[in-house]
Amino acid sequence: MPEGHTVHRIARLHREAFAGRGVRVTSPQGRFAAGAARLDGRTLDDVEAYGKQLFYRFGSDILHIHLGLVGKFLIYHGEAPAPTAGTRLSIAAGETVAYLAGPMVCELIDPDTEKQIVAGLGPDPLGGGTEEQFAAMVARRSAPIGAALLDQSVIAGVGNVYRAEALFLCGIHPDRPARALQPREVACLWRTIAGAMRLGERLGRIVTVSPEEVGAASPEDLAASDDERLYAYRRAGLPCRRCATELRAWTVGARTITACPHCQPPHPLRRTVQDGPAGATEEVRGC
DNA sequence: TCTTTATGGTGAG
DNA sequence: TCACCCTAAAGAT
């Protein structure tokens, strides 16, 4: 389940469990045997996340991990099962063991390489990025905003779920050119994504629906639900939670997005301002 | 036991 | 635009 919130959560949990301690590092599967042997027994100084990248610092040796689509960490406190045939990496200290399976990247790099990787990424809402940085990246993209949000050089850490949810919550059609968005729409996207990612990091699951909207007491309750956490992602053919219009799915940026035809109109709606200057209009949300 | 699915990204054509 | 890589877990048989 790796979007940025998952990666930052892993960094936090692993920092708490392993940082400042000597750690046992092995590669049960063998595909990271040489790297594991180099790190085994050494002190893990710190764990950091940026976007979807993880960096484990052992002095000037840095373990770089990217989970990709199917990669995951399984963490055990106390008794742990034997690693499976797919366990690329095992990190252990005291009572805690973390198994890594299916990562897209698991490699040793030096500090310069880390700098290059981070330099190629846009602002990370959970990593000190700013709304101004995001706005500057969006302003120079002619691609659809739905594609731009998946581009890690525009904003780091957003994946297919946060993209669909943020565009829905801000009432923005995914096909609209990024640079044509109004400043308030860009601001809405950044703030919505940042807030949702902070919540996701805390809950360990993406929740965007307002609890009161579905009669729930808290986001924690929604996190346990499979049906009520999200507004748009993978809900094609179902009625919009806000207006009951049937949600529609198509491809944007080589991945499937789902959106509401009514809440996310192709062009921002405008209406005449009653008490403003003659001919003045203001934007209104689809819903 | 088999099949399906996934929140990502790259490289070839 | 497509094929392809990585693996666990849920669902189907």
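All chains are named by letter (A, B, ...) in the order of the sequence lines, taking the proteins before the strands, and each is independently numbered beginning at 1. Every value quoted in this text rests on a predicted model; they were computed, and no experiment measured them. As a basis for the values below, the full set of heavy atoms in this structure was taken, side chains included, without hydrogen atoms, waters or symmetry mates.
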Sugar-phosphate only, base, or nothing, as touched by A/Tyr233 at under 4.0 Å among non-hydrogen atoms: sugar-phosphate

Residue-phosphate contact under 4.0 Å: A/Thr87 side-chain N/O, C/dT7 OP1/OP2: no

Sugar-phosphate only, base, or nothing, as touched by A/Gln29 at under 4.0 Å among non-hydrogen atoms: sugar-phosphate

Touch class at under 4.0 angstrom, heavy-atom based, for A/Leu67 against every strand present: nothing

Side-chain N,O (A/Arg88) to OP1/OP2 (C/dC6) below 4.0 Å: no

Test item: side-chain donor near acceptor, A/Ser153 and A/Asp151, under 3.5 Å: yes

Gap in Å between the two P atoms, one belonging to B/dT5 and one to C/dT13, rounded: 12 Å

Interatomic distance, A/Leu149 CG vs B/dG8 P [rounded to whole Å]: 12 Å

Touch class at under 4.0 angstrom, heavy-atom based, for A/Arg163 against every strand present: nothing

Side-chain donor-acceptor pair present, A/Glu107, A/His64, cut-off under 3.5 Å: yes

From B/dT7, C/dA8, B/dG9, nucleotide with atom closest to A/Pro2 side chain: B/dT7

Between C1' of B/dG9 and CD1 of A/Ile117, the distance in whole Å: 14 Å

OP1 or OP2 of C/dC6 under 4.0 Å from side-chain N/O of A/Arg31: yes

Backbone N/O of A/Leu189 and side chain of A/Thr192: donor-acceptor pair under 3.5 Å: no

DNA chain B: 5'-proximal contact among A/His66 and A/Val70 (nearest heavy atom): A/Val70

Nucleotide nearest A/Gln152 when distance is taken to its side chain, options C/dC6, B/dG8, B/dG9: B/dG9

Between C1' of C/dT7 and CZ of A/Phe73, the distance in whole Å: 14 Å

Inter-nucleotide P distance (B/dG13, C/dC5), Å rounded: 15 Å

Any A/Arg205 side-chain N or O less than 4.0 Å from OP1/OP2 of B/dT7: no

Under 3.5 Å: donor-acceptor pair, side chain of A/Glu165, backbone of A/Tyr233: yes

A/Gln264 (side chain) donor-acceptor with A/Ile172 (main chain) under 3.5 angstrom: yes

B/dG9 OP1/OP2 closer than 4.0 Å to side-chain N/O of A/Lys52: yes

